[in-house]
J.: 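Got a structure for you, questions after.
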Amino acid sequence: MVLSAANWHLLSRSAAWGQLLLRNGSVYTPASGFQEEEIREKLLAFPGGSVDLVKQESGIAVLTVNHPARMNAFSGSMMVELEERVSQLEGWMEGKGLIVQGAAGTFCSGSDLTAVRAISNPQDGVRMCMFMQNALTRLLRLPLFSVALVEGRALGGGAELTTACDFRLMAPGSVIQFVHKHMGLVPGWGGATRLVRIVGSQNALRMLGGALKVDPEMGLRIGLADGVLEGSQAGEESGACALLEAKQWLGRYTEGPAPVIRAIKAVVQSGRELPLEVSLRAERDVFGSLWGGPVNLQALVSKAKHK
Ligand SMILES: CCC(=O)SCCNC(=O)CCNC(=O)[C@H](O)C(C)(C)COP(=O)(O)OP(=O)(O)OC[C@H]1O[C@@H](n2cnc3c(N)ncnc32)[C@H](O)[C@@H]1OP(=O)(O)O
């Protein structure tokens, strides 16, 4: 099998990855019986809000879930837009970092319950879940360092979205809550699978079983949050300040040449997903793509000391 997504160009040269990942980094493909176009059409029948992407020259992009009238809940058209934004990021070779945020001071309240009611039959529900699993798996696999900037509430599918980023930064007073139990559900956008890998099965059991409200203090304690914003500003100023703080926080990881930053994410992602020997081969291939390259040669010439 061959990976076609340009964003995975490093790993796409690795036969090891090729064996494991399906085309385009998706979990479900036409070959596995998934008819993406069918569910895409259905989702587009439930419009509202947008998912906005701004790519900056610094190599950091900002993805905004924008539906303030419904606390940034995902309408059907927003699910489709999310997938399109991920495609754009896959083709952005200069990209090094990504901040995922919600508009107007809150993160995301999950799926839009109006749309959910309209497609409440199990068949469409499972198709919607496959569509979102594909989009969020591809988001996590991007060769960028991604961070969810959580202000206000991340509920249900919003909590799941935070787990599709490499890091989570929480603002004071923010909450991440898997409310699925109260909705008679379990996560379906891949959030449970990713949560177990982030916080371990015991914490995941507590969070899902108790529909726990995870605040920044608890988030840090269980390893769900990677940092807490200072958030000294109030009102309209606070959103801009939070974004600035998140950019500064992410900058320590995205500083440097894009090929190296993207390669670091690639080898870590390979270790996250692949069996040991397959991952070792992938790491060898990524290493080979940098060894003797311009950045490596420049570092050798400059005789850097790592004091
Ligand atoms: C994948 C599985 C899933 O994601 S299942 C969906 C899980 N999410 C939910 O159940 C969230 C339900 N909403 C809430 O609990 C509250 O609205 C929260 C988010 C806590 C906000 O409360 P509060 O600050 O009092 O505002 P509010 O309730 O007046 O909401 C403002 C307007 O937004 C709407 N809203 C909110 N969440 C959603 C949603 N998920 N889908 C559709 N609409 C949503 C509210 O209905 C309200 O709208 P309106 O002003 O009454 O027209």
J.: Drop me the distance from M79's CE to M128's CE, to the nearest 0.5 angstrom.
T.: 5.0 Å
J.: Is there side-chain contact between I39 and F34, with at least one heavy-atom pair below 4.5 Å?
T.: yes
J.: Rounded to the nearest 0.5 Å, how far apart are CG of N203 and CG of L205?
T.: 9.0 Å
J.: Could you work out, with ring-ring contact (aromatic ring centres under 6.0 Å, His included) as the rule, every residue matching F178, not counting sequence neighbours?
T.: H180
J.: I need the minimum non-hydrogen distance between P216 and P172, along with the two atoms involved.
T.: CG-CA, 4.4 Å
J.: Run the side chain to side chain donor-acceptor pair (under 3.5 Å) test on R70 and T114 for me, step by step, so that the C-alpha distance in whole Å, both residues' side-chain angles and the decisive distance to 0.1 Å come before the verdict.
T.: CA-CA 10 Å; R70 296 195 177 162; T114 321; 3.2 Å; yes
J.: Quick one: closest heavy-atom pair of T137 and G25, and the distance?
T.: CG2-O, 4.1 Å
J.: Evaluate the side-chain proximity of P294 to Q298: yes if any heavy-atom separation is below 4.5 Å, no if none is.
T.: no
J.: At what distance, to the nearest 0.5 angstrom, does CG of L82 lie from CG of L53?
T.: 10.5 Å
J.: At what distance, to the nearest 0.5 angstrom, does CG of L161 lie from CZ of F107?
T.: 4.0 Å
J.: Between L224 and M207, does the side chain to side chain contact (heavy atoms under 4.5 Å, CB included) criterion hold? Intermediate values first, please.
T.: CA-CA 11 Å; L224 183 64; M207 283 178 66; 3.8 Å; yes
J.: Just how far is it from atom CG of N72 to atom CG of L155, taken to the nearest 0.5 Å?
T.: 11.0 Å
J.: Taking only Lys NZ, Arg NE, NH1 and NH2, and the carboxylate oxygens of Asp or Glu, determine whether K42 and E38 approach each other closer than 4.0 Å.
T.: no
J.: Kindly check if the number of other-residue, nucleotide or ligand heavy atoms within 6.0 Å of CZ (R197) is above 12?
T.: no
J.: Are V80 and Y28 co-members of a hydrophobic cluster defined by side-chain heavy atoms under 4.5 Å apart?
T.: yes
J.: Let me see the working for S279 and R272 under side chain to side chain donor-acceptor pair (under 3.5 Å), right down to the final yes or no.
T.: CA-CA 9 Å; S279 180; R272 268 179 186 157; over 6 Å; no
J.: When you measure from the side chain of K265 to the backbone N and O of L142, does any donor-acceptor pair fall under 3.5 Å?
T.: yes
J.: So, S75 side chain and M78 main chain: donor-acceptor pair closer than 3.5 Å or not?
T.: yes
J.: With the side chain counted from C-beta on, respond yes when R284 and L280 share a heavy-atom pair under 4.5 Å apart, and no when they do not.
T.: no
J.: Please check this pair: side chain of D226 against backbone of R168, looking for a donor-acceptor N/O pair closer than 3.5 Å.
T.: yes
J.: Can you list everything that forms a side chain to side chain donor-acceptor pair (under 3.5 Å) with S50? Sequence neighbours excluded, please.
T.: D52
J.: Given C165 and V147, is the side chain to side chain contact (heavy atoms under 4.5 Å, CB included) satisfied, shown in steps?
T.: CA-CA 5 Å; C165 294; V147 60; 5.6 Å; no
J.: Looking at S174, is its backbone amide N or carbonyl O close enough to the side chain of E151 to form a donor-acceptor pair, meaning the two atoms are under 3.5 Å apart?
T.: no
J.: Would you confirm whether R85, through its side chain, and V51, through its main-chain N or O, come within 3.5 Å as a donor-acceptor pair?
T.: yes
J.: Distance from I261 atom CD1 to Y253 atom OH, nearest 0.5 Å?
T.: 12.0 Å
J.: Can you see which heavy atom on G188 is nearest to which on C129, and at what distance?
T.: O-SG, 3.0 Å
J.: Can L44 be reached from M130 by stepping across I, L, V, M, F, W or Y side chains whose heavy atoms are under 4.5 Å apart?
T.: yes
J.: When clusters are formed by joining ILVMFWY residues with side-chain heavy atoms under 4.5 Å apart, either directly or through shared neighbours, do I176 and M71 land in the same one?
T.: no
J.: Any sub-3.5 Å donor-acceptor pair from R40's side-chain atoms to F131's backbone N or O?
T.: no
J.: Between S111 (side chain only) and F74 (backbone N and O only), is there a donor and an acceptor less than 3.5 Å apart?
T.: no
J.: Heavy atoms, side chains only, cut-off 4.5 Å: are E160 and M132 in contact?
T.: no
J.: Would you say V62 and L149 are hydrophobically clustered, going by side-chain heavy atoms of ILVMFWY under 4.5 Å?
T.: yes
J.: Mind listing the side-chain donor-acceptor pairs of residues 95-106 below 3.5 Å, one per line with the distance, residues two or more places apart or on another chain?
T.:
residue : atom : partner : partner atom : Å
K96     : NZ   : T254    : O            : 3.0
K96     : NZ   : G256    : O            : 2.6
Q101    : NE2  : T64     : OG1          : 3.0
T106    : OG1  : R153    : N            : 2.9

J.: Consider only side-chain heavy atoms of I, L, V, M, F, W and Y, link residues closer than 4.5 Å, and tell whether V27 and L195 are in one cluster.
T.: yes
J.: Decide salt bridge (charged side-chain N to carboxylate O under 4.0 Å, His left out) for K55 and E94; before the verdict, give the C-alpha distance in whole Å, the side-chain angles of both, and the deciding distance to 0.1 Å.
T.: CA-CA 10 Å; K55 292 185 218 154; E94 296 77 31; over 6 Å; no
J.: Surrounding CD of E84 (heavy atoms of other residues, nucleotides or ligands, distance under 6.0 Å), is the total greater than 12?
T.: yes
J.: Would you sort out whether V214 and Q177 count as a side chain to side chain contact (heavy atoms under 4.5 Å, CB included), showing the intermediate values?
T.: CA-CA 6 Å; V214 178; Q177 186 181 14; over 6 Å; no
J.: Does the E245 side chain pair with the main chain of E230, one donor and one acceptor, at a distance under 3.5 Å?
T.: yes
J.: Less than 4.5 Å apart, side chain to side chain, heavy atoms only: is that true for M218 and L212?
T.: yes
J.: Is there a side chain to side chain contact (heavy atoms under 4.5 Å, CB included) between L140 and T163? Walk through the geometry before answering.
T.: CA-CA 8 Å; L140 185 59; T163 64; over 6 Å; no
J.: On a heavy-atom basis, which atom in G48 and which in S77 lie closest, and how many Å separate them?
T.: N-OG, 3.4 Å
